[in-house]
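Only one structure is covered here, and it is reproduced in the block below.
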2 protein chains.
Amino acid sequence: MLDLGRLRALHAVAQHGSVGAAATALGYTPSAVSQQIAKLERETRTTLLERRGRGVALTDAAHLLSATAGQVLALVEHAEVALEEQRGAAVGELRVGAFATAARGLLPATVVRLAERHPQLDVRLVELDPPDCLEAVARGELDLAVTHDWVNAPLAVPEPVSRARLGEDVADVLLPAGHPLADRESVAPEDLAGERWICQPEGTICHDWLVNTFRGADMEPDLAFRIAEYETQLALLAKGIGVALLPRLGRGALPDSVRAVPFRPTPTRRVFAVWRTQAGRRPAVTATLAALRDCWEQRETA
Amino acid sequence: MLDLGRLRALHAVAQHGSVGAAATALGYTPSAVSQQIAKLERETRTTLLERRGRGVALTDAAHLLSATAGQVLALVEHAEVALEEQRGAAVGELRVGAFATAARGLLPATVVRLAERHPQLDVRLVELDPPDCLEAVARGELDLAVTHDWVNAPLAVPEPVSRARLGEDVADVLLPAGHPLADRESVAPEDLAGERWICQPEGTICHDWLVNTFRGADMEPDLAFRIAEYETQLALLAKGIGVALLPRLGRGALPDSVRAVPFRPTPTRRVFAVWRTQAGRRPAVTATLAALRDCWEQRETA
DNA sequence: TCCAACATGTAGCGATCCTAAACTGAAAAC
DNA sequence: GTTTTCAGTTTAGGATCGCTACATGTTGGA
């Protein structure tokens with residue numbers, strides 16, 4: 001494989017017309033340039049320079065080589081510039097994970113915003129539960145994830161992962177419109193004894209939080225419906241079949257047949273973005289973080 | 001300026017997916033590849049590789065750089081191949097000089113033939129008198145020249161120039177059709193005493209030869225018309241204004257008003273191709289030499 | 001004929017680049 | 001949970017490379 005330094009030497013000679021001028025241009029002595037080209041000649045088994053009077057002339061092979069050397073040098077220079085530019089730009093593929101509610105309520109706007117601001121950024125989205133999110137980020141399968149914890153089940157991030165808080169998401173109890181508690185200012189676990197709950201499957205944080213909170217009041221919730229899909233939960237609620245605890249994030253307009261009532265103690269989960277600390281320097285990561293924050297703000301003011 | 005070896009290392013990692021595989025592919029140890037990329041990272045002040053589990057993953061910058069590295073490597077490889085091919089092919093620019101008669105009578109056919117055989121060869125033609133030809137070749141301003149001497153004025157080629165004889169060109173005396181000598185088998189200087197000569201300007205070999213030959217017979221030719229252009233000489237001859245000594249090379253069909261009569265002693269000039277010995281290895285030079293020989297042969301048999 | 005300009009050759013020193021081997025860290029196997 | 005294995009990195013050291021300074025060889029002009 002030809003050496004770039006030698007090609008540069010040859011190209012300089014071709015451009016400046018003499019070994020000495022080329023050496024000056026490159027900041028070397030003529031001897032160095034001469035030696036470089038001599039080595040290039042040995043490597044290619046080709047005569048590149050011919051002495052002509054006091055100076056030198058390039059052979060056909062040298063012209064040929066110098067021409068492509070020019071292209072190569074231009075390309076390399078371009079790469080350097082691109083690298084420099086890229087140091088501040090968000091490009092490439094960014095794999096994002098988010099828990100279901102955020103995937104529904106926050107990420108669509110974020111992806112749109114990123115697409116507007118950074119057209120070169122290719123965002124991939126995966127819906128994952130918070131523990132899986134963290135693991136995937138730590139393993140490098142995701143570049144960034146939106147996750148959450150509840151105040152009574154704080155999120156532990158492993159060492160090489162950083163996190164930033166986006167904000168808090170409050171959950172309300174959703175009741176059929178005709179329910180006796182439907183017009184209360186707020187409800188407590190005690191008020192809801194005997195209700196049949198619509199809840200996410202076991203193993204999800206939503207499920208665990210509900211169980212923990214009721215056990216704190218020395219009660220056991222009746223988790224009659226284990227439903228992962230938001231729309232399905234809503235459909236069940238609309239039919240008055242049970243009650244549910246649903247976060248405000250990602251909750252659209254409710255049907256008339258369903259009422260939201262604040263819960264006491266307020267079920268608040270903190271929403272975080274997490275990423276490998278290592279990758280924090282990636283412009284793509286910081287840009288996504290910024291977009292997430294913007295979209296979160298916009299959601300709250302809306 | 002980025003180093004080609006490092007770019008190749010990065011590209012290999014990108015292609016093979018791991019440092020070890022890249023090292024195997026390149027014939028190095030993983031350590032070498034790792035160091036190369038570490039240096040590349042320092043040079044570009046960019047993170048290129050991130051550890052991911054047991055292996056590594058490329059950052060955006062690395063992907064960017066690897067992509068252009070691929071282009072660069074392809075270009076360099078292409079240059080190497082081109083160089084290899086070119087080692088046997090006639091390509092590039094070839095500057096050819098020829099004395100006027102050869103430029104008229106030999107070179108056009110040669111240029112056509114070269115263009116057929118070697119379309120990549122770019123032939124430039126300059127009309128130059130033999131001494132200038134030799135000088136230009138020796139100086140490297142011409143790559144090859146067609147020159148001549150007369151038997152009584154042999155051509156001396158300087159050391160770093162080679163020559164090859166193409167053949168001999170005989171000159172005849174051209175007389176107006178009505179001239180008393182027009183139907184003779186041959187004429188000698190003595191026969192032509194008092195004639196007004198149409199001749200090339202002083203300083204040309206043609207001129208000098210005429211003077212020398214006549215002085216050898218203790219005569220002085222009357223060089224009444226100093227004309228460089230062949231067509232002009234012919235026009236003068238056609239009007240019966242003088243006589244001329246014109247070589248057979250490059251002489252087309254004569255008008256009826258002009259007759260060619262052999263001269264005694266026969267004015268014979270040896271025609272040579274000359275080139276820098278150094279450049280003799282150039283395929284372009286050998287190809288042109290071959291074409292010149294072919295065209296000369298063809299001319300004689302025609 | 002000497003001198004100036006230019007390229008090339010030589011010696012040597014410092015930088016570079018590779019290998020080998022120890023080290024670190026993560027996944028897999030027991 | 002502990003050990004093994006795998007992959008990449010770090011470190012040390014020796015060979016090579018690539019530069020500079022200086023000498024040499026040519027060429028072209030005063």
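In what follows, chains carry the letters A, B, and so on, assigned in the order in which the sequence lines appear, proteins first and then strands, with residues in each chain numbered from 1.
Bending across the helix from dT1(C)-dA30(D) to dC30(C)-dG1(D), expressed as the angle between its end axes from five pairs apiece, amounts to 10° (10° rounding).
In the region residues 2-27 of chain A, proximity to DNA chain C at under 4.0 angstrom, judged on heavy atoms, holds for Ser18(A), Val19(A), Gly20(A).
The only option from Val146(A), Leu166(A), Thr147(A), Leu134(A) that meets the side-chain contact (heavy atoms from CB on, under 4.5 Å) definition with Phe272(A) turns out to be Thr147(A).
Side-chain N/O atoms of Arg269(B) and Thr101(B) include a donor and acceptor closer than 3.5 Å. Remark: the Arg282(A) side chain and the Thr59(B) side chain contain no N/O donor-acceptor pair separated by less than 3.5 Å.
Remark: C1' of dT9(D) and CD1 of Ile37(B) are 12 Å apart, rounded to the nearest angstrom. Taking atom CD on Glu50(A) and atom P on dT8(C), their separation rounds to 12 Å, with Å as the unit. In this structure, the OH atom of Tyr28(A) is 17 Å from the P atom of dT8(C), given to the nearest Å. One can place CD of Glu41(A) at 12 Å from C1' of dT8(C), the figure rounded to the nearest angstrom.
Taking only side-chain nitrogens and oxygens, Thr29(A) never comes nearer than 4.0 Å to OP1 or OP2 of dC19(D). Between Lys39(A) and dG18(D) there is a side-chain polar atom (N or O) within less than 4.0 angstrom of OP1 or OP2. For the OP1/OP2 pair of dG8(D) and a distance below 4.0 Å, the side-chain nitrogens and oxygens of Ser34(B) include no atom meeting the criterion.
Salt bridge status for Asp3(B) with Arg8(B): absent, with no side-chain N to carboxylate O gap under 4.0 Å. Glu50(A) has a carboxylate O that lies under 4.0 Å from a charged side-chain N of Arg276(B), or vice versa, which qualifies the two as a salt bridge. Under the 4.0 Å criterion applied to side-chain N and carboxylate O atoms, Arg6(B) and Glu43(B) are assigned as salt-bridge partners.
Side-chain N/O atoms of Gln36(B) and base N/O atoms of dT16(C) include no donor-acceptor pair closer than 3.5 Å. No hydrogens or angles were tested; on distance alone, a donor-acceptor pair under 3.5 Å links the side chain of Gln35(B) to the base of dT19(C).
Under a 3.5 Å cut-off, the side chain of Glu41(B) and the backbone N or O of Leu48(B) do form a donor-acceptor pair.
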Using the 3.5 Å cut-off, write out each protein N or O paired with an N or O of nucleotides 21-30 of chain C and the distance between them.
none

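A residue-by-residue look at Val33(A) and Ala38(B) shows that Ala38(B) has its nearest nucleotide of DNA chain D further toward the 5' end.
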